[in-house]
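To start, the structure under review is shown below, and the notes come after it.
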Amino acid sequence: MPGTGREVDASFYNLIYELTATDRSGTAADRRREPRHVFAAKQRVAFSRGLTLPNEAEYLEVQCHDLTRRGFSFLLTRRPVMDELVAAFGCEPETIYVAARVTHSKDVLVDAEGNVVREIDQRCCTDETGDTLGTWPMVLVGCRFVARLKG
């Protein structure tokens with residue numbers, strides 16, 4: 001049964017602390033309230049409504065980009081059509097499920113290693129294979145954590 005409201009337990013904070021403690025790449029130019037930390041890991045997300053866990057078949061594996069104590073970002077091939085999702089961090093039996101809300105999405109170019117090279121205004125400059133000069137167009141989706149869900 002899912003948790004509600006602002007419930008976020010100690011194990012979730014410990015996970016976030018462990019993930020953010022290994023990299024201090026936030027810069028003074030970063031205008032966010034909390035520093036962002038590189039989080040180049042594959043995790044699962046499922047777009048859904050409300051605070052219920054989606055069926056296992058609804059989850060997509062996504063490449064995460066960064067993480068803060070308040071949210072995270074990941075890459076998709078196209079803009080999301082829904083703004084509510086559930087993120088599954090970690091592996092069974094210790095998976096942590098978190099409801100999140102999409103706060104922004106922007107077009108970016110990503111290199112072969114999955115690194116965001118730069119933001120783009122429109123999808124252009126591709127060669128005949130669809131490759132954008134060694135990069136690929138993706139959408140960087142930023143989310144804010146809403147609630148910890150019980151798995």
Side-chain angles (χ1 to χ4, degrees), residues 1-123 135-151:
M1 185 155 129
T4 59
R6 300 179 70 85
E7 176 186 6
V8 180
D9 66 14
S11 64
F12 179 66
Y13 278 120
N14 287 337
L15 171 73
I16 300 299
Y17 176 77
E18 288 172 19
L19 295 171
T20 60
T22 59
D23 179 23
R24 301 289 182 215
S25 62
T27 65
D30 190 348
R31 293 174 291 184
R32 301 206 181 265
R33 291 183 201 154
E34 301 213 10
R36 287 184 264 180
H37 304 279
V38 173
F39 183 49
K42 294 200 181 221
Q43 300 295 323
R44 297 177 305 128
V45 299
F47 289 90
S48 67
R49 298 190 196 288
L51 297 175
T52 59
L53 288 178
N55 295 326
E56 193 60 35
E58 296 177 71
Y59 286 92
L60 306 168
E61 184 176 78
V62 297
Q63 177 67 46
C64 291
H65 177 66
D66 62 19
L67 177 71
T68 73
R69 287 189 164 95
R70 293 190 171 140
F72 75 112
S73 66
F74 61 93
L75 296 165
L76 285 178
T77 57
R78 68 187 107 182
R79 289 187 181 273
V81 294
M82 298 175 67
D83 33 333
E84 294 180 11
L85 61 94
V86 173
F89 291 102
C91 300
E92 293 296 340
E94 298 177 7
T95 302
I96 295 173
Y97 296 94
V98 183
R101 177 173 282 290
V102 173
T103 57
H104 72 277
S105 57
K106 61 184 172 181
D107 294 323
V108 295
L109 292 177
V110 178
D111 67 17
E113 287 81 41
N115 301 309
V116 173
V117 175
R118 67 180 173 91
E119 188 173 342
I120 55 176
D121 293 327
Q122 56 186 336
R123 296 177 187 235
T135 59
W136 291 264
M138 298 285 287
V139 177
L140 181 63
V141 180
C143 300
R144 177 174 293 274
F145 297 132
V146 174
R148 166 79 191 269
L149 305 176
K150 300 291 183 198

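- Taken to the nearest 0.5 Å, the NE2 atom of His65 stands 8.5 Å off from the CG atom of Asn115.
- In plain terms, the two heavy atoms of Asp66 and Ser73 that are nearest each other are OD1-OG, 2.6 Å.
- Atom NE2 of His37 and atom CG of Leu67 lie 7.5 Å apart (nearest 0.5 Å).
- Closest heavy-atom contact between Thr95 and Arg44: CG2-NH2, 4.1 Å.
- We find the CD-CD distance between Glu92 and Glu56 to be 7.0 Å, quoted to the nearest 0.5 Å.
- With Val117 as reference, Asp111 is the one residue of Val108, Asp111, Val110 to meet the side-chain contact (heavy atoms from CB on, under 4.5 Å) rule.
- Applying the 6.0 Å contact sphere to CD of Glu61 captures more than 12 heavy atoms from other residues, nucleotides or ligands.
- At a threshold of 4.5 Å between non-hydrogen side-chain atoms, the residues Leu53 and Tyr59 count as touching.
- Atom CG of Leu85 sits about 12.5 Å away from atom CD of Glu58, to the nearest 0.5 Å.
- Nearest heavy-atom pair, Arg148 versus Ile96, reported as atom, atom and distance to 0.1 Å: NE-CG2, 3.5 Å.
- Between Phe39 and Phe89, the ring-plane angle classifies as tilted under the 30° and 60° cut-offs.
- The residue from Asp83, Leu76, Leu75, Val62 that alone fulfils the side-chain contact (heavy atoms from CB on, under 4.5 Å) condition with Val141 is Leu76.
- Atom-to-atom distance recorded for Arg36:CZ and Arg69:CZ is 15.5 Å, nearest 0.5 angstrom.
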Requested in this report: Apply side chain to side chain donor-acceptor pair (under 3.5 Å) to Arg144 and Thr103, showing your working.
Outcome: CA-CA 7 Å; Arg144 177 174 293 274; Thr103 57; over 6 Å; no
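- Between Met82 and Val102, the closest heavy-atom pair is O-CG2, 4.0 Å.
- Contact check on Glu84 versus Arg101 returns a salt bridge, with a Lys/Arg side-chain nitrogen under 4.0 Å from an Asp/Glu carboxylate oxygen.
- Atom NE2 of His104 is separated from atom CG of Leu140 by 5.0 Å, given to the nearest 0.5 angstrom.
- Glu113 is linked by a salt bridge (charged side-chain N to carboxylate O under 4.0 Å, His left out) to nothing, counting only residues two or more places apart in sequence or in another chain.
- Ring geometry for Phe74 versus Phe47: interplanar angle of 30 to 60°, hence tilted.
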